[in-house]
Amino acid sequence: MSVGKKFKIASIGAGNVGASVAQYCLELELGDVVLTDIVEGLPQGKALDMTQAGPIRGYSCQAVGTNDYKDLAGADLVIITAGLPRKPGMTRLDLLEKNGGIISGICENVKQYAPDAIVIVVTNPLDTMVYLAHKKLGFPPNRVIGMAGCLDSARMRAFVAMELGVSMKNVDTMVLGSHGDDMVPLPQYTVVSGIPITKLMPQDRIDAIVDRTRKGGGEIVQLLKTGSAYYAPAASAVRMAQSVLRDEKQLLPCAAYLTGQYGLDDIFMGVPCILGKDGVERIVELDITEAEKASLHKSAEEVRTGIKQLQELGLL
Ligand code: A3D
């Protein structure tokens with residue numbers, strides 16, 4: 001990917017997350033956005049509306065809406081948010097089958113029309129869907145990335161800042177593992193302007209923050225009742241997109257393809273990654289405790305179960 005040109009970003013899925021992704025990309029002037037969905041009129045209407053906000057918000061990038069995958073042609077970066085959130089009465093397996101089918105179909109089109117793109121997957125169940133996307137696309141693993149850790153660590157940053165009454169900008173955290181209850185927040189790597197939180201709050205408050213982070217998605221679902229979070233998820237995906245398109249080399253937790261790191265192989269899991277123009281340019285291996293390692297491996301088992309189910313469903 002060449003840096004300095006005007007980029008083309010495809011946001012596939014024009015629902016809550018996909019439309020917010022497009023909006024943030026325009027606000028940051030990361031590039032022009034192609035908003036894609038299967039619902040006729042939805043991406044076109046939202047894209048036109050966003051473009052018309054440009055003169056007021058001061059951006060000159062534009063969005064176009066489409067139902068035709070041919071319009072992805074030449075996209076530098078593709079963000080996939082298409083799919084269903086889990087609804088009441090739906091089992092994990094139902095979700096896996098439904099979203100697995102959607103991701104497979106989309107990847108066929110991305111492969112055909114945007115073969116050089118870097119792809120960020122947001123659709124749940126995240127770690128399984130990004131694995132499926134990688135297999136279907138056949139792209140080198142550095143060009144396929146899952147968004148989850150960035151969101152989970154942003155949630156933890158917000159909770160720490162709220163607890164201590166400090167600026168969110170001063171808080172840094174790291175969350176490893178799969179997206180969901182088995183994620184592995186790392187208090188030992190959580191700092192406020194370089195000061196470990198262990199020096200700033202008692203252990204029971206740290207434990208409460210870790211627990212709230214793990215359940216962060218569910219807390220919002222409970223409040224919204226008819227949907228799941230989208231502002232912070234979209235902001236997280238766009239932060240990753242920004243680091244890639246502007247070759248910023250930000251170190252962010254992302255679901256990346258592991259080849260032995262943290263003792264895990266042939267799986268996508270949340271790990272610290274350096275993101276630049278080539279996608280995942282490096283995976284950073286942290287020194288973690290035995291208990292954290294055990295949690296990470298437990299988290300990996302969940303993901304492997306999902307991958308096995310995809311195989312049983314004939315999707316892999
Ligand atoms: P929603 O607002 O329902 O939007 C999904 C959109 O996908 C809808 O507009 C659909 O019409 C569209 N769609 C369905 N099938 C296709 C297809 N084949 N091609 C193109 N578009 C299609 O959901 P949302 O935006 O709130 O969430 C989208 C996905 O992101 C869900 O799977 C969520 O669970 C997931 N999500 C993940 C995170 C993570 O942290 C990993 C956070 C938030 C949401």
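Atoms within a ligand are numbered from 1 in the order they appear, just like the ligands themselves.
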What part of [X] sits under 4.0 Å from ligand 1 if we count only heavy atoms: the side chain, the backbone, both or neither?
{"X": "I38", "value": "both"}
{"X": "A229", "value": "backbone"}
{"X": "I102", "value": "side chain"}
{"X": "A82", "value": "both"}
{"X": "V39", "value": "side chain"}

Discussion item. Does any N or O of ligand 1 fall below 3.5 Å from an N or O anywhere on D37, backbone included?
Written reply: yes
Worksheet item: Is Y69 in polar range of ligand 1, meaning some N or O pair under 3.5 Å apart?
Response: yes
Worksheet entry | Closest approach of any protein heavy atom to atom 39 (C) of ligand 1, naming residue and atom | H179 NE2, 3.4 Å
Selected option - heavy-atom contact closest to [atom], from [options]:
{"atom": "atom 25 (O) of ligand 1", "options": "L84, L42, V17", "result": "V17"}
{"atom": "atom 41 (C) of ligand 1", "options": "D152, I220, V122", "result": "V122"}
{"atom": "atom 28 (C) of ligand 1", "options": "L151, T81, V121", "result": "T81"}

Practice prompt. Salt-bridge test for K298 and D181: reply yes if a basic N is under 4.0 Å from a carboxylate O, no otherwise.
Written response: no
